[in-house]
Amino acid sequence: LNALHSFADLAVVAPATEQSAVGLSITIRHPLRIEKIEWSGVQSPIWSVSGTPADCVKMALSVVLDRTPDLIVSGINRGSNAGRNVLYSGTVAGVVEGTLHDIPGIAFSMAEYFNPKYHHAENYIQPIVEYILNHPLPLGTILNVNFPHDMETNFKGLRFAKQGQEYWAESPEQREHPAEGSTYYWLGAKVASFEEDHQSDIACLKQGYATAVPIHVSDLTHHHHLEKYRDHFESIVNLCTSVDLSQLNK
């Protein structure tokens, strides 16, 4: 809001509660509630939704807003959404949902989780948004932006980067229920690290750069594999199925 309120016609539709790691999940087993709220010093209309970031986009487009937005901006998230963590991220999912409606989107995150200094990122947000509005992303593509841990003393600027491989892996901690004596787990988390390409967002963030990664999400087909194995896959599976059916019919 601070970075864009003087530049854009804003409407905020956000989850009412913390929604980290919900990915692209949507709410289908209980009702959604929308509440218009007041935020001191903010003139833009703000609504809270009792659901996920993807729910927020769905409700914004179908219930709240009277016109289709030019751009969806999600975040700024507390904690990194670089590398393959985009698959878990609710922040990123908000703009992925927008691509299903052909609306471009940018997800913003800060690598620092415990004490993020959001004001250090503010100067970069408006130029990035303006650039994407003036140089539109291809349909089905989002921009995933992450700011590094130390923007105060070791910040080196912005890099247009590729997606890295790192992600948060499980680290289960087993515990015993004190009354029932049953076992339960905290899933926990640890970083699954890889040897990263020097042009990846993970590598650039570690060097002190902010990163912007264009991620194509509208078609997840592995086209080379599809074309190479289409005939072979179909012939083998259909042959096996026909043999099994002939045996059943005897």
Side-chain angles (χ1 to χ4, degrees), residues 1-78 81 86-110 118 121-146 212-220:
L1 282 176
N2 289 340
L4 296 176
H5 72 89
S6 63
F7 155 74
D9 179 13
L10 297 176
V12 180
V13 184
T17 59
E18 172 70 35
Q19 296 290 318
S20 290
V22 299
L24 199 58
S25 63
I26 57 175
T27 303
I28 60 173
R29 290 185 172 84
H30 57 80
L32 290 170
R33 290 177 170 79
I34 304 173
E35 180 183 1
K36 192 167 186 179
I37 63 174
E38 300 294 329
W39 196 340
S40 178
V42 176
Q43 300 301 316
S44 302
I46 301 175
W47 289 269
S48 70
V49 176
S50 61
T52 68
D55 289 329
C56 289
V57 174
K58 287 181 177 294
M59 300 307 287
L61 298 178
S62 59
V63 177
V64 175
L65 303 180
D66 57 8
R67 63 182 177 87
T68 302
D70 298 316
L71 182 73
I72 295 174
V73 176
S74 187
I76 187 167
N77 183 68
R78 182 181 66 160
N81 280 315
V86 293
L87 299 172
Y88 300 131
S89 169
T91 300
V92 175
V95 292
V96 172
E97 179 65 34
T99 66
L100 303 181
H101 303 269
D102 294 332
I103 303 170
I106 309 172
F108 288 100
S109 303
M110 296 201 75
Y118 297 113
E122 284 182 15
N123 289 339
Y124 272 81
I125 291 175
Q126 181 175 328
I128 291 171
V129 168
E130 284 193 84
Y131 183 92
I132 295 304
L133 289 173
N134 293 326
H135 305 84
L137 295 163
L139 280 178
T141 301
I142 65 168
L143 192 69
N144 183 37
V145 179
N146 283 271
V213 180
I215 298 177
H216 186 63
V217 296
S218 68
D219 182 0
L220 304 182

Open item on the list: Testing Val95, Ile215, Thr91 one by one against Asn144 for a side chain to side chain contact (heavy atoms under 4.5 Å, CB included), which residue passes?
Closed with: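 So the option named by the test is Ile215.
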Open item on the list: Using the side chain to side chain contact (heavy atoms under 4.5 Å, CB included) definition, which of the options Thr52, Ile72, Ile26, Val13 pairs with Val57?
Closed with: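 So the option named by the test is Ile72.
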Grab the two heavy atoms, one from [X] and one from [Y], that are nearest each other, plus how far apart they are.
X	Y	value
His30	Ser50	CE1-O, 4.5 Å
Leu24	Ala93	CD1-O, 3.4 Å
Ala212	Val145	CB-CG2, 4.0 Å
Asn81	Val86	O-CG1, 3.4 Å
Val22	Gly90	CG2-CA, 3.9 Å
Ala54	Ser25	CB-O, 3.7 Å

Determine whether [X] and [Y] make a side-chain contact, defined as any pair of heavy atoms from C-beta on separated by less than 4.5 Å.
X	Y	value
Ser218	Thr99	no
Val12	Trp39	no
Ile46	Glu38	no

Return the [atom1] to [atom2] distance between [X] and [Y], rounded to the nearest 0.5 Å.
X	Y	atom1	atom2	result
Trp47	Cys56	CH2	SG	12.5 Å
Phe108	Asn77	CZ	CG	12.5 Å
Leu137	Ile106	CG	CD1	7.0 Å
Lys58	Glu97	NZ	CD	4.0 Å
Ile76	Ser109	CD1	OG	7.0 Å
Arg67	Leu61	CZ	CG	12.0 Å

Open item on the list: Under a 3.5 Å distance rule, please check whether Glu35 uses its side chain to pair with a backbone N or O of Ile37 as donor and acceptor.
Closed with: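 A pair under 3.5 Å: no.
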Open item on the list: Surrounding OH of Tyr131 (heavy atoms of other residues, nucleotides or ligands, distance under 6.0 Å), is the total greater than 12?
Closed with: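 Check fails, neighbour count at 12 or below.
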TODO: Decide whether Gln19 and Thr17 meet the rule of one side-chain donor and one side-chain acceptor closer than 3.5 Å.
DONE: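 Judged by distance alone, the side chains do pair up.
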